[in-house]
Amino acid sequence: MEPKHYESVIIFNAALEDDQIENNISRIQETIKNHGGTIVELDRWGRKRLAYPIQKSKTGYYLVVRFTAPSELIALLERSYRLDENIIRYLTIVLNKKALEGIAKQKEADRIAKENAAQEVAEAPVNTAGQESK
């Protein structure tokens with residue numbers, strides 16, 4: 001049976017130090033890898049304000065992990081999320097073919113936007129007098 005694609009969004013307590021958050025992230029990566037999973041993408045969104053307080057926290061550190069894994073791993077992974085007191089919320093979903101195509105299109109659009117922005121900066125006239133050129 002082919003492993004499925006998953007996406008896990010994890011919110012850590014923002015009061016943690018950066019090295020504590022990195023330790024938690026590496027522990028999650030090891031859990032996925034040690035149980036037959038492969039991490040496709042690790043997207044650190046960083047500290048963000050929560051829409052509503054969770055466990056009296058107004059901010060959280062967001063992490064999005066996209067990975068492939070056997071379905072047995074999800075129960076183990078979510079159990080480790082539940083037992084980790086530094087994780088204040090999590091959600092794991094299965095990514096279907098349409099979702100994977102949407103993610104690929106979004107990555108391509110982001111890449112093109114970055115290239116266009118870099119090209120505009122490179123082509124912008126440089127005014128050495130310190131004033132904007134018109």
Side-chain angles (χ1 to χ4, degrees):
M1 189 166 94
E2 187 176 320
K4 294 182 180 179
H5 292 266
Y6 295 95
E7 179 177 82
S8 237
V9 178
I10 305 153
I11 305 174
F12 295 100
N13 184 349
L16 296 172
E17 298 291 327
D18 288 341
D19 59 333
Q20 291 174 308
I21 291 173
E22 288 302 320
N23 288 339
N24 282 321
I25 292 171
S26 63
R27 191 169 50 241
I28 290 169
Q29 288 176 305
E30 289 173 15
T31 301
I32 293 171
K33 289 177 184 175
N34 291 339
H35 292 90
T38 304
I39 295 176
V40 175
E41 184 179 6
L42 195 70
D43 194 6
R44 293 171 169 89
W45 288 5
R47 288 178 171 80
K48 303 272 184 197
R49 184 170 179 82
L50 300 173
Y52 55 89
I54 302 173
Q55 297 177 4
K56 299 182 182 177
S57 295
K58 293 183 180 181
T59 59
Y61 185 95
Y62 283 74
L63 173 72
V64 179
V65 183
R66 289 189 191 94
F67 59 98
T68 58
S71 57
E72 301 83 34
L73 171 63
I74 302 308
L76 177 75
L77 195 60
E78 289 195 343
R79 177 172 164 69
S80 71
Y81 293 163
R82 244 189 328 275
L83 295 176
D84 190 341
E85 59 190 34
N86 297 320
I87 295 176
I88 58 176
R89 269 297 188 272
Y90 64 89
L91 177 67
T92 303
I93 60 169
V94 178
L95 296 173
N96 60 18
K97 188 175 181 178
K98 192 172 184 178
L100 292 170
E101 290 170 359
I103 291 169
K105 284 180 184 178
Q106 184 62 44
K107 282 184 187 178
E108 182 64 18
D110 291 346
R111 185 188 64 77
I112 291 171
K114 283 182 183 178
E115 286 178 1
N116 290 342
Q119 188 175 5
E120 287 176 10
V121 169
E123 293 175 356
V126 178
N127 188 348
T128 58
Q131 299 175 350
E132 289 186 26
S133 59
K134 296 182 181 182

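Defined by atom type and a distance below 3.5 Å, a donor-acceptor pair is missing between the side-chain atoms of Q20 and N24.
Listed by first then second residue, pairs satisfying salt bridge (charged side-chain N to carboxylate O under 4.0 Å, His left out) with a partner in residues 10-37 read D18-R47, E22-R44, R27-D84, not counting sequence neighbours.
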Discussion item. Is there a side chain to side chain contact (heavy atoms under 4.5 Å, CB included) between T68 and H5? Walk through the geometry before answering.
Written reply: CA-CA 4 Å; T68 58; H5 292 266; 3.1 Å; yes

Item to complete: List the steps, then state whether side chain to side chain contact (heavy atoms under 4.5 Å, CB included) holds for F12 with S57.
Response: CA-CA 10 Å; F12 295 100; S57 295; over 6 Å; no

Practice prompt. Take L76 and L73 through the test side chain to side chain contact (heavy atoms under 4.5 Å, CB included) and record every step on the way to the result.
Written response: CA-CA 5 Å; L76 177 75; L73 171 63; 4.1 Å; yes

Item to complete: Please step through side chain to side chain contact (heavy atoms under 4.5 Å, CB included) for the pair S80 and L77, ending with a clear verdict.
Response: CA-CA 5 Å; S80 71; L77 195 60; 4.2 Å; yes

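Heavy-atom contacts from other residues, nucleotides or ligands closer than 6.0 Å to CD of E85 number 12 or fewer.
Tracing side-chain contacts under 4.5 Å through hydrophobic residues (I, L, V, M, F, W, Y), one never reaches I93 starting from I87; they form parts of separate clusters. In terms of hydrophobic clustering, with Ile, Leu, Val, Met, Phe, Trp and Tyr side chains grouped at heavy-atom distances under 4.5 Å, I54 and L63 are assigned to different clusters. One hydrophobic cluster holds both L16 and I28 under the rule that ILVMFWY side chains link at heavy-atom gaps under 4.5 Å. No continuous path of hydrophobic side-chain contacts links I11 to I21 [ILVMFWY only; heavy atoms under 4.5 Å]. Taking hydrophobic clusters as Ile, Leu, Val, Met, Phe, Trp and Tyr residues chained together by side-chain heavy-atom distances below 4.5 Å, I39 does not share a cluster with L100.
Residues Y61 and I25 are in side-chain contact: their nearest non-hydrogen atoms beyond the backbone lie under 4.5 Å apart.
Of all heavy-atom pairs between G37 and P70, the closest is N-CD, 4.4 Å. T59 and A14 get closest at one heavy-atom pair: OG1-CB, 3.3 Å.
Taking CD1 of I103 as the start and CZ of R66 as the end, the distance is 4.0 Å to the nearest 0.5 Å. Taking CZ from F67 and CD from E41, the interatomic distance works out to 13.0 Å, rounded to the nearest 0.5 Å. Between Q55 atom CD and N13 atom CG the span is 8.0 Å, to the nearest 0.5 Å. If you take NZ on K56 and CD1 on I88, they are separated by 13.5 Å, rounding to the nearest 0.5 Å. The line from NZ of K4 to CD1 of I74 is 9.5 Å long, rounded to the nearest 0.5 Å.
The pair E115-R111 counts as a salt bridge, with a side-chain nitrogen and a carboxylate oxygen less than 4.0 angstrom apart.
The only option from L91, I10, N86 that meets the side-chain contact (heavy atoms from CB on, under 4.5 Å) definition with Y81 turns out to be I10.
Ring geometry, W45 versus Y62: the interplanar angle falls under 30°, so the pair is classed parallel (tilted spans 30 to 60°).
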